[in-house]
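In what follows, a single structure is set out as structure tokens and then discussed.
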Amino acid sequence: MLLLGIDVGGTHTDAVALGPDRIEAQVKVATNHDDLLSSIRNALGEIVRQTDPARIKQLNLSTTLSTNAIVEGKLEDVGVIVSAGPGLDPHSFMTCKDFHVIPGSLDHRGSETKQLNNLALEEAISSCRKSGVKVYAAVTKFSPRNPSHEKAIELAVGDNADFITLGHQITGRLNFPRRIATAFYNCAVWRIFNNFADAISGTLEEMGLGHIKVNILKADGGTMPLPLSRKVPVQSIFSGPAASVMGIIALCKITHDSIIYDIGGTTTDIAIFVGGTPLIEQEGINIGSYPTLVRALKVHSIGVGGDSAISILEGIVRVGPTRLGPSIAFGGKTPTLTDALIWKGSCDCGDIGKSKAGFAVFASKMDIDPEDLADKAIENAINKIHDSTRELVEEINQQPVYTIHELLENRRIVPRKIYMMGGPAKAMKMDIFRKFRLSTEVPENYDVANAIGAALTRTTTEIELFADTERGVMFIPSLGYRENVPRNYKLENAEKDAMNHLLAHLGEMSVAADGANALITSSSSFNMMNGSTTVGRNIRVKCQIKPGVVRTYS
Amino acid sequence: MLKAENSLGIIFFPAFDWAISPTHPEREERLLYTQDQLREEGLFDIEGIREYKPEVAETVDIERVHFCFPEAEAIATRSHYISAGGAIKAAELVMQGERDRAFALVRPPGHHAMKTVQGSRGFCAINIEAIMCEHIREKYGHKRIAIIDTDCHHGDGTQDVYWHDPDTLFISMHQDGRTLYPGTGFPKDAGGPKALGRTINIPLPPGTSDAGFMMVMEKIVMPILDDFKPDLIINSAGQDNHFTDPITNMNFSAQGYAALNSMLKPDIAVLEGGYAIQGALPYVNLGISLAMAGVDYSHVREPGWNPITLKEPDDVMKYIGMLCDSIPDIYFNPPKESNEGIINGNWSVRHRTIFYDTEGFTESQTESLLLCDECRGLLKVETQKENGPMGFGIEIPIGACDKCRNTGYSLLEEAQVKSKYRYMQMINRKDKEYMRYGF
Ligand SMILES: [Zn+2]
Ligand SMILES: [Zn+2]
Ligand SMILES: [Zn+2]
């Protein structure tokens, strides 16, 4: 039985086929940006030639399709219909020209404080129809506490839409501006993503792989089944760094607070693990012009990589953040970090002779000893990585907490180990070790760790449950679930319900119930008073399938 | 994307695991809906607005300000240490220049905690603003500070802490003490003999709304501030003037609170009271945050807001107008003598009994200020919780003259020898020496 992983990266598309105890095939092909499908088809073709297709059970795919569409602005026109009520002016969060604000509002407990204005809604829809809009986003303030206004908008839009995103379906977490942006992006990439999904299914069919289950990687270090991804394509953005981080988890046994570096051509991605678990961004990822509610691993990128150009300004040697073409070793003109590593004998790649000669010429032009130049360049790169890491750890340690218990317990992250991957990882290992004085590991197969990570990443999901016992309701916004509960409904009931719904949701996605990895991430219950009588409890429970891999592989 | 005109740090610490009691207004749920509102508005995504974790105050931060009997640890819970630490964090953000302004949205509050503390009063145990201000002065040198208390209750604690300090201007606007706890805060209370006109009380009639508050700001607060020229303006931001607050009778709104802060331009605001936890706090806190950051707050509206029905009747406005005519004079032409205390030799002496409503006991206290021509004067306190042991406190103020300083030490020595007191505390701001004795 084989698990396939494909990571479509900026330069290369990496693919692996993993057997029960070894990598049975691995491929690296160039990524064709104008036709991502062809890159995937090429990689798959190679894998299928090296293995028995009948043994393939699953394909996990990380693709830059949605990310690129957003970053390059290749977006379909969206009709965005919002209602906000009091607070910040919703026009401040206008994402596109067909943006309509409808009078109507809900408060923080989900009570309607103003009815949705149907007349204004009809006008907004007819205006969108006139502009030829076919996809719609409906977002109302506090919809995770009461989706009825969003549902009313959906009903009114009706047949005008090929697709509609309702804000509360994205997540139960609060943040109205981010919910608007996320719903907008989800609609704007919906068609392009669905065409791609059709093409993937078609290709697999053609290749005799129609039987395999396809999952799409998400930025939070989990996957979602292809059929589900068709409704939430925005969840596939920025899954590349997540694949790499998952690769490290698969290849190394991480138990301490740790730092992960993925050193690529132009950037170094830094991720932090607490114990064995990667940290998740508290709110969501930023993309294009807006922050979103898309859950993501906390990954910090800095402009230092193997291809980062070396420059000297006022006598100070710097590496990056610009990339002026490849290293001299690979036919470039300006020396890079890789060339400096080659000069020092740490790295053995490309045309060594050419690299060293070019490096020496550059040094003499700049009137500096080449040995000195190489040392200073590497030192500068290491210092940048070091300083950014310290800042990131400090930032994480400064993150707000809301209870006395959390504050006094003061769980500070203190990294004890470093894991490195990516092209220059091996060459920089000793320099990193000398700077940090922490045990530093570069796993075997670090060059295809991203594809391995993709292959082994398990399906994740997160839900939030709210209960208001004064009203006698319990609801899970992202599942669109609502039920009446008795007045004596308690936190324990809520926790149990949340876990059951989480597992049932996985079941619906045809993922085997993953009880061992399901966990409650936060839960609280507040007494609600009226005068001096307790009228009910406001209960909030969050639970998730922990990001991780189905098995480690080393 | 929205961008703040002034960078703002918000220390949001709802203390979700602390309450005075399960049904007390000061309970876990108090800032729950504020958190929901700030989150849902995406407040922390506005460029320039950032959320910070509080610090935890140290005992020395408390003992620099208060005479605590038997000791700070016995009076202040961990939540009080964190609440004070939240205010300190706000100060640090501003003093270090990391933020233009800061808002400590923390609980529990502190403005009813007096100079001498034996327990909890009006939900307060230690005075978080005073602890913050004295932390600033200790670390960043002497500063002229104005504290504007906009809580609906008279800030009797803060008034007491700064009663003798001419470098701290304390202005409290509040619902008239004849109609609300703690029953104090009248214009005649203008400060101790060495700080006359530095305490300004503005008792407002029940039903005062936005127009009344803004008139007070324009005609009393701003002209006095313009003259006092403080290095720092602090808003002791109680939100119980709101028309929905369950324990008060005022008609102030979220728009009003925001407009007030927009005019006041405080460097630091610290949350005090405010117990309409669903209908007011989320909106008022949002309004104040936006006003401090210089972001448009005109769309902030609480449910049930109707400016016409909330508007104060003409006679109320006329009464407030009268206050506006007379109160500035207290600052500009302060009375010659303090309305409290008698002169005994070269000491000004006040005998007082203080009721601790949260815990239900009375403290009797004798406070004496050594009238000195060279400095602000040495402060001495003798105190006794009903039937409890005696406590003795002595404070050598910032900028004390040598004579006062030496007198302070000999009085402390004398007190030790007499062994009349079970607890003794010395606050020496001049040499930054803080000592306590007792068992
Ligand atoms: Zn960062
Ligand atoms: Zn109050
Ligand atoms: Zn003196």
Side-chain angles (χ1 to χ4, degrees), chain A residues 84-93 105-114 141-145 173-181 282-284 286 289-291 293 397-408 410 522 524-534 537-538 540, chain B residues 1-2 10-19 22-25 27-46 50-56 77-79 81-82 85 246 254 277-279 282-283 286-287 290 295-305:
Chain A
L88 289 165
D89 182 353
H91 290 98
S92 320
F93 314 116
S105 60
L106 304 165
D107 75 2
H108 33 74
R109 273 180 72 188
S111 315
E112 182 178 78
T113 49
K114 194 173 182 185
K141 196 179 275 181
F142 285 115
S143 63
R145 299 293 156 80
R173 280 174 289 140
L174 296 176
N175 193 317
F176 180 57
R178 284 176 183 257
R179 197 156 60 246
I180 294 173
Q282 275 200 329
E283 294 276 331
N286 291 9
S289 316
Y290 312 106
L293 281 169
N397 282 331
Q398 282 301 323
Q399 254 162 22
V401 293
Y402 299 118
T403 63
I404 295 158
H405 175 75
E406 285 172 302
L407 187 76
L408 296 178
N410 199 15
S522 70
S524 55
S525 170
F526 295 91
N527 285 335
M528 295 185 291
M529 313 285 303
N530 188 354
S532 57
T533 27
T534 308
R537 275 175 302 278
N538 193 303
R540 296 149 183 226
Chain B
M1 287 289 291
L2 288 168
I10 294 182
I11 297 87
F12 183 69
F13 195 76
F16 281 151
D17 50 353
W18 182 82
T23 57
H24 196 281
R27 64 178 182 274
E28 296 94 335
E29 185 198 2
R30 192 174 154 224
L31 292 179
L32 180 65
Y33 305 112
T34 292
Q35 182 190 41
D36 287 347
Q37 193 77 38
L38 301 187
R39 275 268 122 80
E40 179 70 346
E41 296 292 348
L43 189 75
F44 302 115
D45 288 329
I46 295 174
R50 218 189 112 179
E51 187 180 4
Y52 294 84
K53 201 157 130 172
E55 291 178 7
V56 183
T77 63
R78 288 191 287 189
S79 53
Y81 274 78
I82 295 168
I277 62 178
Q278 282 198 51
Y283 308 96
L286 177 66
L290 294 177
V295 175
D296 173 34
Y297 57 78
S298 61
H299 294 252
V300 177
R301 300 254 182 290
E302 58 279 69
W305 181 65

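Protein chains get the first letters and strands the later ones, always in sequence-line order, with residue 1 at the start of each. Remember, predicted model here, so these are calculated numbers, not experimental data.
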Starting at [atom1] of [X], measure out to [atom2] of [Y] and round the result to the nearest 0.5 Å.
X: B:Arg30; Y: A:Phe526; atom1: CZ; atom2: CZ; result: 14.0 Å
X: B:Arg39; Y: A:Phe142; atom1: CZ; atom2: CZ; result: 12.0 Å
X: A:Glu406; Y: B:Phe16; atom1: CD; atom2: CZ; result: 10.0 Å

Which region of [X], side chain (C-beta onward) or backbone (N, CA, C, O), has a non-hydrogen atom less than 4.5 Å from a non-hydrogen atom of chain A, or is it both or neither?
X: B:Pro54; value: both
X: B:Pro14; value: both
X: B:Leu31; value: neither

Could you have a look at [options] and say which one has the most heavy-atom pairs with chain B under 4.5 angstrom?
options: A:Thr533, A:Asn527, A:Asp107, A:Asn286; value: A:Asn527
options: A:Gly87, A:Pro177, A:Gly85; value: A:Gly87
options: A:Arg109, A:Gln399, A:Glu283; value: A:Arg109

Quick one: closest heavy-atom pair of [X] and [Y], and the distance?
X: A:Pro86; Y: B:Glu41; result: O-OE2, 3.4 Å
X: B:Glu51; Y: A:Tyr402; result: OE2-OH, 2.6 Å
X: B:Lys53; Y: A:Leu407; result: CG-CD1, 3.7 Å

At a 4.5 Å cut-off on heavy atoms, which part of [X] comes close to chain B: side chain, backbone, both, or neither?
X: A:Ser105; result: neither
X: A:Arg173; result: neither
X: A:Asn530; result: neither

Please lay out, stage by stage, how B:Glu29 and A:Asn538 fare under the test side chain to side chain contact (heavy atoms under 4.5 Å, CB included). CA-CA 9 Å; B:Glu29 185 198 2; A:Asn538 193 303; over 6 Å; no
Looking only at heavy atoms and a cut-off of under 4.5 Å, which of [options] has the most pairs with chain A?
options: B:Leu286, B:Thr23, B:Leu32, B:Ile82; value: B:Leu32
options: B:Gln278, B:Arg301, B:Glu28; value: B:Gln278
options: B:Leu2, B:Ile11, B:Ile46; value: B:Leu2
options: B:Asp36, B:Asp45, B:Val300, B:Ile277; value: B:Asp36

Name the orientation class of the two ring planes belonging to A:His108 and B:Tyr283 (parallel below 30°, tilted from 30 to 60°, perpendicular beyond 60°). tilted
Residue pair B:Thr77, A:Ile404: steps toward the side chain to side chain contact (heavy atoms under 4.5 Å, CB included) verdict: CA-CA 10 Å; B:Thr77 63; A:Ile404 295 158; over 6 Å; no
Taking B:Glu40 as the fixed residue, which of A:Lys141, A:Arg145, A:Arg179 is the one that meets the side-chain hydrogen bond (donor to acceptor under 3.5 Å, both in side chains) rule?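 Result for side-chain hydrogen bond (donor to acceptor under 3.5 Å, both in side chains) with B:Glu40: A:Arg179.
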